[in-house]
Amino acid sequence: MLGFIGKRLVQMVPILLGITIITFAVVHLAPGSPVDVQTSMSLKTSAEARANLRKLYGLDKPLTTQYIEWLGRFVKLDFGKSFTDGRDVLHKIAERIPVTLAINVLSLILIFIVALPVGILSATKRYSLFDKISTVLVFIGFSTPTFWLALLLMILFGVQLGILPISGIQSIDVSGLGPLGRLADWGRHLILPVFVSAFGGIAGLSRYSRSSMLDVIRQDYIRTARAKGLPESQVIWRHALRNALLPIVTIMGLSVPGLIGGGVIFETIFSIPGMGQLYYQSVMSRDYPTIMGIMVIFAVLTLIGNLVADIAYGLVDPRIRLGGQR
Amino acid sequence: MSLRGIVWRRFRKNTLALGGSAVVLALILTASLAPLISPYTPTHIDIDHVLAPPSWRHPFGTDELGRDVLSRMIWGSRVSLSVGFIAMGIAVLIGIIVGSLAGFYGGKVDAVLMRFVDMMLAFPSFVLILAVIAIVEPSIFTIMAVIGVTGWMDVARLVRAEFLTLKQRDFVLASKSAGAGSLRLIFREILPNALTPVFVAATFGVAGAILTESSLSFLGIGVQPPNPSWGNILASGKDNIETAWWLSFYPGLAILITVLSYNLVGEGLRDALDPRLWEAERLP
């Protein structure tokens, strides 16, 4: 197993390198250089000042040299300075990680709590009314634009009922509250974002756990378990679930890019100071160092998700970890 | 009975997929007849009815400039439709080329192309799209191109997998031994037989492209006002969230129904095209 994980890690290296090349290429092959963006505010910027800026960012060197220098700094976690406020990109990103992480962990938990029982019930009571209704809901869930859902929830709970805040992660007067009050305040701010972020995942995972469960309960050992007289609940929740669970972990790993992409949208809508919002702001202000830093981090997170999925696969199916090629 | 006949017969039995197709057809009709059926022009300003709630005069209300939301949605359906189809067309084209080359030639060509696919897939697609949008001027055409250029990887994988099995089949080997060149083998022999899974993926892809376009337009980096798109009407819905729920409600509902319909059609196609599900209907 360790050998399998090691091999997967080694395979990631060229992909990591490719990610940095794509990131660098996307930003540097664009028409107009970062210097133009920074100086476009004032028309009076002299040619000399432009040349200085160009030198500062190393833009006067050939692209390959620029890339190698950038990569050299990058592996040392030196992401450069932001174009917008001159702060270290690494710091800008680091201070936003906790919020994004908290929301993602909470929504993963929510996805699991809701989707797993729904999927299992649909599978064990296949073609029942519950199964049919949940199938329709899953389809609608797949097709709902999450930013629309966010808007509707903001209108309902924030504007009409006025019971939930619709932006930010804390109230303005939060300093007057005790620790418990502060926690409650956070909680109230996070309800809508976490729900919106989990929404698509709930649809996907309940569909997936349904089919995973259906695969398992067709197997011979389930028939054996029933034949030896085990109660149905034990057959399902002990014998079947255990084997259906790993493929489900796989899909959780593969859902990382979706969560990240969704985060960019809902963090922007709810004005949540996380990495997604930072990415959107950097894109809007063409803050290239920040864009590049976040792109690589997001890609690495996606690769880690894939790795988790691969490991889960390897645990379930020895053919995969022993066979080498998929 | 022909293969096409079987597929159609199976598709026809699927009520949801038929319903989805009907909605898709209705949408295509709406988009093509937009000038005839929309009650106002999309930029007509009704100065006395700014942010007016739904009424007989304006069934879906008006926006912050007094423009009719229903009319803007009818014209906006053109954006969704064209972005969905053209972006998917670009993605399918790139995917077919990359997938065919990788699957047909194998070896180093395959290794290089598929590693590139892996690299592209390592970026959450929305993140990659935003990065490109950051450096080009946003418009309906760049949106189409960007969604297409960042969305071809699944098609490439599907086509490659088909090529890997098909190129070993007797009819291909026969054609090869009869002296057919690579181009003929790829385009005349293998590709037509490799397209089935691509149809299904493309249908889901249209749904995905429509969702992406509306998200981008909602964020202000897609279709630019005053051109109407469902996403940018929703953006003004967010700006007027305290007062005008109709600006947020109807365009989003239109997106939901459209995307749902394409997904249902895709699901129906997948089931109808899957030979493993054909047992019940033997060839007469």
Minimum heavy-atom distance between Pro257(A) and Pro124(B), given as atom pair plus value: O-CB, 3.5 Å
Can you name the nearest heavy-atom pair linking Leu151(A) to Lys238(B), along with the distance? CD2-CB, 3.7 Å
Mind checking whether Phe142(A) and Leu260(B) have side chains closer than 4.5 Å, heavy atoms only? no
Contact class of [X] relative to chain B, heavy atoms under 4.5 angstrom:
X	value
Phe298(A)	both
Val159(A)	side chain
Ile140(A)	both
Leu16(A)	neither
Met284(A)	side chain
Ile291(A)	side chain

Between [options], who has the most heavy-atom pairs with chain B when the cutoff is under 4.5 Å?
options	result
Asn306(A), Thr144(A), Ile265(A), Leu303(A)	Ile265(A)
Val264(A), Thr268(A), Val296(A)	Val264(A)
Gly261(A), Ala299(A), Gly258(A)	Ala299(A)

Nearest 0.5 Å please: distance from the [atom1] atom of [X] over to the [atom2] atom of [Y].
X	Y	atom1	atom2	result
Trp245(B)	Leu156(A)	CH2	CG	12.5 Å
Glu242(B)	Ile155(A)	CD	CD1	9.5 Å
Ser143(A)	Ile257(B)	OG	CD1	10.5 Å
Phe218(B)	Ile269(A)	CZ	CD1	4.0 Å
Leu264(B)	Phe139(A)	CG	CZ	5.5 Å
Trp148(A)	Ser214(B)	CH2	OG	11.5 Å

Is it the side chain or the backbone of [X] that comes within 4.5 Å of chain A heavy atoms, both, or neither?
X	result
Ala131(B)	both
Leu16(B)	neither
Phe116(B)	side chain
Ile241(B)	both

Let's test your reading of the structure: which of Gly220(B), Gly237(B), Gly252(B) forms the most heavy-atom pairs below 4.5 Å with chain A? Gly252(B)
So does Ala122(B) get a backbone contact from the side chain of Thr302(A), meaning a donor-acceptor N/O pair under 3.5 Å? yes
Short question: side chain of Tyr280(A), backbone of Leu219(B) - any donor-acceptor pair under 3.5 Å? yes
I'd like to check the salt bridge (charged side-chain N to carboxylate O under 4.0 Å, His left out) partners of Asp131(A); sequence neighbours left out, ordered by chain and number. Arg210(A)
